[in-house]
**Student:** 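Dropping a structure here in structure tokens format, bear with me for questions.
Residue numbers run from 1 in the order of the sequence given. Side chains included, hydrogens not; waters and symmetry mates left out as well; all remaining heavy atoms used.
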Amino acid sequence: MSTLESAIAFSLILIVLAFMITAPESIALDSFECAKDGGNELFYMEQDKGVADTNYVHGVSCYDTSPERLCTFLTGISDNFRLIYGSVFELAKEETDG
């Protein structure tokens with residue numbers, strides 16, 4: 001093997017070793033940052049205050065929508081409408097019968 005081929009082979013080996021040392025570290029740091037951001041987002045969603053709310057997590061605008069609260073809100077409106085409509089219908093029926 002010539003000196004040039006040896007230099008190229010050793011350089012490639014060193015590059016591969018350097019990548020194997022530094023790549024897992026950067027992947028681990030990226031994963032840690034993602035986990036922190038995810039934790040902040042979950043903490044924000046646990047503080048659910050309404051049907052829709054906004055918050056900033058690390059400079060990113062997060063929108064929290066609560067389908068359960070929206071469903072409860074719409075069900076309440078529907079139930080109130082039925083109660084009022086039923087009462088008005090009963091009163092109208094009494095007036096026409098009496």
**Student:** Nearest 0.5 Å, what's the CD-CZ distance between E94 and F89?
**Tutor:**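 If I round to the nearest 0.5 Å, the distance is 11.0 Å.
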
**Student:** Of all heavy-atom pairs between C71 and T75, which one has the smallest distance, and what is that distance?
**Tutor:**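 Minimum heavy-atom contact is O-OG1, 2.7 Å.
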
**Student:** List, by chain and number, the other hydrophobic cluster members for L12, where Ile, Leu, Val, Met, Phe, Trp and Tyr join if side-chain heavy atoms come within less than 4.5 Å, directly or indirectly.
**Tutor:** L4, I8

**Student:** Under a single-linkage definition using a 4.5 Å side-chain heavy-atom cutoff for Ile, Leu, Val, Met, Phe, Trp and Tyr, are I77 and L70 assigned to the same hydrophobic cluster?
**Tutor:** yes

**Student:** Which pairs of donor and acceptor atoms, one on a side chain in residues 28-37, lie under 3.5 Å apart (sequence neighbours left out)?
**Tutor:**
from	atom 1	to	atom 2	distance (Å)
S31	OG	I27	O	2.9
D37	OD1	H58	NE2	3.1

**Student:** Linking directly or through intermediates, with side-chain heavy atoms under 4.5 Å: list the remaining ILVMFWY members grouped with L14, chain and number order.
**Tutor:** none

**Student:** Can you sort out the partners of D79 under salt bridge (Lys or Arg N to Asp or Glu O under 4.0 Å), two or more places apart, ordered by chain and number?
**Tutor:**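 Only R82 meet the salt bridge (Lys or Arg N to Asp or Glu O under 4.0 Å) criterion with D79.
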
**Student:** Members other than I84 in its cluster, when Ile, Leu, Val, Met, Phe, Trp, Tyr link by side-chain heavy atoms under 4.5 Å?
**Tutor:**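 The other cluster members (ILVMFWY side chains, heavy atoms under 4.5 Å, direct or chained) are V88.
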
